[in-house]
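Worksheet: one structure, shown below.
Residue numbers begin at 1 in each chain, while the letters A, B, ... track the order of the sequences. Please read these numbers as outputs of a predicted model, since none were measured by experiment.
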Amino acid sequence: MLAYLDHHATTPCDPAVVAAMAPWWGEQFANPASRLYRPALEAAAAIEAAAAELHQGLAAPSGAQVVFTSGATEANNLALKGLAEAALSSGNPRRRLVSVVSEHHAVLDVLRYLERHGFALTLLPIDAQGLLNPADLQAALDPGAGGPVLAVSVMAANNEIGTIAPLAQLAPLVHAAGALLHVDGAQAVGHIPLAMEAWGIDLLSLSGHKLYGPKGIGALLVAPGVQVAPQLQGGGQQGGLRPGTLPVPLIVGLAAALKQALADREGRALRLAALRDQLWTGLQALGGLTLNGPPPGPQRLPHNLSVTAGGVDGTRLHQLLRRQIAVSSGSACSQGSASHVLAALGRTRAEAAATVRFGLGRSTTAQQVEQALRAMADALDQASNRSAASRPER
Amino acid sequence: MVAEAPLYLDACATTPLAQVAHEAMEAARQLAWANPSSLHGFGLSAAESLERSRHSLASSLGTGAEAIRFCSGATESVHLALLGAAATLPVGRLLISAVEHPAVNAAAAQLQRQGWQVEPIPVGPTGLLDLGVLESLLHPPTRLVSVIAAQSEVGSIQPLTTIAQLCRQAGVLLHTDAVQLAPHRPIAMDELGLDLVSLSAHKLGGPRGVGALLVRPGLRLEPLLGGGGQERGQRAGTEPVVLAAGFAAALAAARRHQLDGTSQRLEASRDHLLHDLLALPGVRLSGPDPTRQPRLPHHISLLLSDGQGRPLDGRKLVRALWNEGVAVSSGSACSGGSGRAEPSPVLLAMGWDRSQAASGLRLSLGSWLEASQLERVPLALERAMASCGAAAP
């Protein structure tokens, strides 16, 4: 059985989440917008309960709005385009956006779109561990750097190299400059501690399928007083901020997934960190591998590891690995182009291709880690140039 | 209290998940749960399932798989169609029918703020588009037309073939909101020469949270969502593979129902019920008369008045009917929320006055119903009308 070690790309929907959704796919199917009869009101109540679950689970400030979306991509688009559009229409003069080079495409693409539409964009560099320097952020937030900043977008944890951003340290800088902090929490929510209010997060995006929930659902949490212009309009659902018939089963599933992920988060993080450390120790013994991102520890997602096999043909390496384990070279969404995150760390295209990202998850076992180590030893042996010459094709 | 289970007659708002869709989703959940963009075996299984769903939908809709863009539903789909197409065109004029879904009106209003001229095409008393007016405006600066293929509140089916022909001859792009039509009639996208078609899964027995925009191959669209470049770069975000499987299975089943007599039986049930309802005092039909004009086969829309001919409050009737164990709607579910009887913009556009336009009731049937279950509906309506009439101020 192929070991699935790609939990940053997606996680399987947990059986308990499937069970929580089941009645809502079945007899309780009424449209919550049809507010005139009881089943619809029950559906509306289920949505309210789910929103409360997210609100509480993410320690959102009182009065924060929970907006359900089709996923983190839509949540990121809504947050950033929504902020920009609201600023334009309200006469708010802030026209600068600040983010980091290692953000997900769903943030970078939106920021570049806004750049084409009159906003100035500053992308901050990262250091060798994937961290941005707070001094760089401070400098970028100076109005003298090109005008006042509207918003700063920083991902809570990187999907490729697992770097955890020091959000609680960054937020005061952002707020002192009168800007808002948007956080893409797709890889962090349910995996590491995250407290929206205490950490000063104004907008938080998340995705169901990254935390053992269903695909097709996510959410944007918006702190009270933050103005976001809707990107879709129509039936007036969700206070007009995101219309469309609410997918009740998916919303119930998202809330159930979050609840479960928060309940087992600490234990899972400890267990997966130990397995990840076991993996890293074993990989180091193989030799020739460079770690991408921070050393295993508090600055790194407990279930993440990313290594580069210098001088190895990446295509060949991944072909060989694919027979034994399911891993990736980087983001699943990059459509074959080289990782911008690894490039920002100074890796060449060839090195990026010869990078292996491991994402451990709820189902990962010590046996699978052993399997991964054997697969890596095997594949490196076969793919590396020295052995390719001396070894017949297997 | 009602002893029998409540009757669900609100298919136009949403439909229960079809058994075949449920099964397809369960299978996909087992085998195709991974990210379809992943290159390993799990990802390939997910991608294979997604592509199979895409091919199935395309063949149900008379087009090729490359036309399908999965998205979160029809609200997103109509925005992607109108805003995405308009962004590739010089600013011009958009024609829409006077009886569009609020999502289309909202997208049109957004284009208006961007400098587009938006011209509503009037409809006749049965909700059918005035083709003469349409034709007279199909010249520059008109660049885009959006027409609801079948109207959700009053069931009118527009002459899509003719509309598509007129638009094609004029070199104007045509988007059609086929959300209500797709469950009941084949949509031959390529044959009709449609440029953009919006669909929603949960109106045809599929799951909520997924829909599709059909895009004529070669047509450029500016994406609404930036991100991972999925769906030919026109709709970013990890595709909901399981939902797509349910969507495809549900549409395939709807197509089968059109061929195996299920749709005909549903239509006969509707005709029978409509006949009985129209025999009640104070009840008249809105929208097309199905014996003479095309109308959605599961759809009944009525205007109701009391003994003195005064229009009743449609929203009160919905509540009263629910107390009789029958779930119906006063119009489009999405325009609700205010709690007061607002005249329906659709009925106003068809020429009814404000109080008549607030007296509408919609009953929409589905294949989950047995004909015998409908027998109690006329009496339930009569009782609901009596209770509302008595309570009227």
What part of B:Gln110 gets within 4.5 angstrom of chain A, counting heavy atoms only: side chain, backbone, both, or neither? side chain
Which region of B:Ser200, side chain (C-beta onward) or backbone (N, CA, C, O), has a non-hydrogen atom less than 4.5 Å from a non-hydrogen atom of chain A, or is it both or neither? neither
For B:Trp33, what residues pass the ring-ring contact (aromatic ring centres under 6.0 Å, His included) criterion, not counting sequence neighbours? A:Tyr4, B:Phe42
Does B:Arg208 reach the main-chain N or O of A:Pro249 with its side chain, forming a donor-acceptor pair under 3.5 Å? no
Could you pull out every donor-acceptor pair under 3.5 Å between side chains of residues 111-118 of chain A and any protein atom, sequence neighbours left out?
from, atom 1, to, atom 2, distance (Å)
A:His117, ND1, A:Tyr113, O, 2.9

For B:Leu224, is it the side chain, the backbone, both, or neither that has a heavy atom closer than 4.5 Å to a heavy atom of chain A? both
dist A:Met21:CE -> B:Met25:CE (nearest 0.5 Å) comes out at 7.5 Å
Less than 4.5 Å to any heavy atom of chain A: does that hold for the side chain of B:Leu225, its backbone, both, or neither? both
Flag the one option from B:Gly73, B:Pro207, B:Gly211 with the top tally of heavy-atom pairs under 4.5 Å to chain A. B:Pro207
Test your reading of the model: is there a side-chain donor-acceptor pair from B:His79 to the backbone of A:Gln233, 3.5 Å cut-off? yes
From B:Arg113 atom CZ to A:Ser89 atom OG, the distance as rounded to the nearest 0.5 Å: 9.0 Å
Contact class of A:His209 relative to chain B, heavy atoms under 4.5 angstrom: side chain
Please classify the contact of A:Leu2 with chain B as side chain, backbone, both or neither, using a heavy-atom distance under 4.5 Å. both
With rounding to the nearest 0.5 Å, note down the distance linking OG in B:Ser38 to NE2 in A:His8. 12.0 Å
Interface residue of largest heavy-atom contact number with chain B, from A:Asn76, A:Val327, A:Leu108, under 4.5 Å: A:Val327
